[in-house]
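Just so it is clear, the model here is predicted, and its values are computed rather than measured. Only heavy atoms go into these numbers, but all of them, side chains included; no hydrogens, no water, no symmetry mates.
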Amino acid sequence: MDPKNKTTSSFILLGLFPSCRYPNLLISIILLIYILASAGNSLLIFLIWLDPRLHTPMYFLLSQLSVIDLAYISCTVPKAAINYFTGRRNISFFACATQMFSFLTLGLAECILLTLMAYDRYVAVCNPLRYTILMSPKVCLMMAASTWIGAVAAALVHTVYPMNFPICGSREINHYFCEMPAILRMSCVDTSVYEMVKFVSTIIFLLTPFTLILTSYTLIFLTVLRMNSPKGRNKALATCSSHLTVVSLYFGQAIFIYMTPTSSHTPDQDQVGAVLGTIVTPMLNPLIYSLRNKEVIGALQKCTGRCCSRDRVSSLQCRTQKCPILHLKKRS
C-alpha cells in the first residue's frame with residue numbers, strides 16, 4: 001500500500017450485524033435504545049443538578065458517569081443510523097480515527113470512574129467520620145480531572161499506533177463503527193508487538209481497577225456484616241449492589257474484547273460485546289441507579305410535583321382571568 005494515500009483513503013463500515021435477516025427491526029430497536037439511554041442519562045444529570053440533596057460526592061461521580069454514557073452511545077449510534085438510512089457506508093480516515101479516539105477515551109474514563117466510585121463507597125461505609133475530608137469538593141474535582149486526563153492520554157496512544165499500520169486489500173470494516181480490533185484485523189503486518197502493548201495496557205486499565213473494586217467491596221461487605229442496624233445494612237447493600245451491577249456489565253464485555261487476542265474471536269462476537277458495552281449498558285445505568293435509589297426517586301417525584309403545582313396555578317390564573325366574577329371575588 002502506498003503510504004501517501006493512507007490518510008486520504010476512506011473505510012467502509014459494513015454496519016451492525018450485516019448478515020441479519022431483519023435489518024429494519026434491528027435499527028429500530030437500536031434507535032429506541034438510543035432514545036431511552038439519552039433521555040435517562042439526561043434526566044439523571046438534570047435531577048442531580050437540580051436537587052440540593054443530591055449535591056454529594058457520590059452523585060457528582062454518578063453525573064460524570066451519565067455524561068460518559070451519553071457521549072458513549074452518541075459517538076457510535078448516530079453515525080451507524082445515518083449510514084443505514086442514506087446507504088452511504090464510507091467513513092474517512094480522520095473520521096475513523098476520531099471515532100476510535102472518542103470511543104477509547106470514554107471507555108477508559110468509565111473504567112477509571114467506576115474505580116473511584118468504589119473508593120467513594122468504601123470511604124462512606126468503612127470510614128464515615130473522615131468522609132467529608134477524604135471526599136471533599138476539591139478532591140472530587142481532582143478525581144474527575146484525573147479521570148479525563150488519564151483516559152485521553154491512553155486513548156491517544158491506542159489510536160495513533162493502530163491507525164498507522166499499513167492496510168492491504170479490502171478496507172471494509174466488519175463493524176458499525178471504527179474499533180481497534182476491527183482495524184487490526186485489516187493490517188497486513190505482524191501486530192504481535194502491539195498486541196502485547198494492548199495486553200499490558202489492559203492489565204493497567206482493566207484488571208488493576210477491577211481488582212481494586214473487588215478489594216473495596218470485600219472490605220465494604222465485611223464492614224456491613226458487623227453493622228448492628230438492619231436499616232443501615234440494607235441501605236449500604238442497596239447502594240453498593242447498584243454499582244456492582246454496572247461494574248459487572250462493563251468489565252465483563254471489556255475484558256472479553258481487549259484481554260484476548262484479536263484473532264481469538266470473530267467479528268460478530270466483537271459486535272455483540274460492543275453492543276453490550278456502548279448501547280445496552282448506557283441505557284441500563286440510569287435505570288439501575290434510579291430504580292434502586294430512593295433519593296433519586298424522591299428527587300424525581302419532587303420535580304414532577306413542582307411541575308404539576310405550576311400547571312395547577314397557571315390553570316387557575318387562566319380561569320380567573322376568563323371569569324370576571326371569580327376575579328372580583330378573589331380581589332374582595
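The side-chain heavy atoms of Glu110 and Leu65, taken from C-beta on, include a pair separated by under 4.5 Å. Under the 4.5 Å side-chain criterion, counting only non-hydrogen atoms from C-beta, Tyr176 is in contact with Ile279. Residues Tyr84 and Leu16 form no side-chain contact, since every pair of their non-hydrogen atoms from C-beta on lies 4.5 Å or further apart.
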Step-by-step side-chain contact (heavy atoms from CB on, under 4.5 Å) determination, Thr98 to Phe101: CA-CA 5 Å; Thr98 302; Phe101 173 74; 5.7 Å; no
Test side-chain contact (heavy atoms from CB on, under 4.5 Å) applied to Glu179 and Ile173, step by step: CA-CA 9 Å; Glu179 194 187 25; Ile173 299 176; over 6 Å; no
Derivation and outcome, ring-ring contact (aromatic ring centres under 6.0 Å, His included), residues Tyr72 and Phe103: CA-CA 7 Å; Tyr72 213 6; Phe103 171 80; 5.5 Å; yes
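The local environment of OH in Tyr122 is sparse, with at most 12 non-hydrogen atoms from other residues, nucleotides or ligands closer than 6.0 Å. Other residues, nucleotides and ligands contribute at most 12 non-hydrogen atoms within 6.0 Å of the CZ atom of Arg88.
Taking CD from Gln271 and CZ from Phe177, the interatomic distance works out to 8.5 Å, rounded to the nearest 0.5 Å.
A side-chain donor-acceptor contact under 3.5 Å links Ser146 to the backbone of Met143. Side chain of Arg121 to main chain of Tyr217: no donor-acceptor pair is present (N/O by atom type, distance under 3.5 Å, no hydrogens or angles). Remark: the backbone N or O of Cys111 is paired with a side-chain donor or acceptor of Thr115 at under 3.5 angstrom.
Transitive grouping of hydrophobic side chains (ILVMFWY, heavy atoms separated by less than 4.5 Å) keeps Val67 and Leu47 in distinct clusters. If you chain together hydrophobic residues whose side chains sit under 4.5 Å apart, Phe85 and Tyr34 fall into the same group. In the hydrophobic clustering of this structure, Leu116 groups with Val246; members are Ile, Leu, Val, Met, Phe, Trp, Tyr whose side-chain heavy atoms approach within less than 4.5 Å, directly or through other members.
Ring geometry for Tyr194 versus Phe165: interplanar angle over 60°, hence perpendicular rather than tilted (30 to 60°).
Among Leu184, Asp190, Val189, Ile183, the single residue meeting the side-chain contact (heavy atoms from CB on, under 4.5 Å) criterion with Ser187 is Val189.
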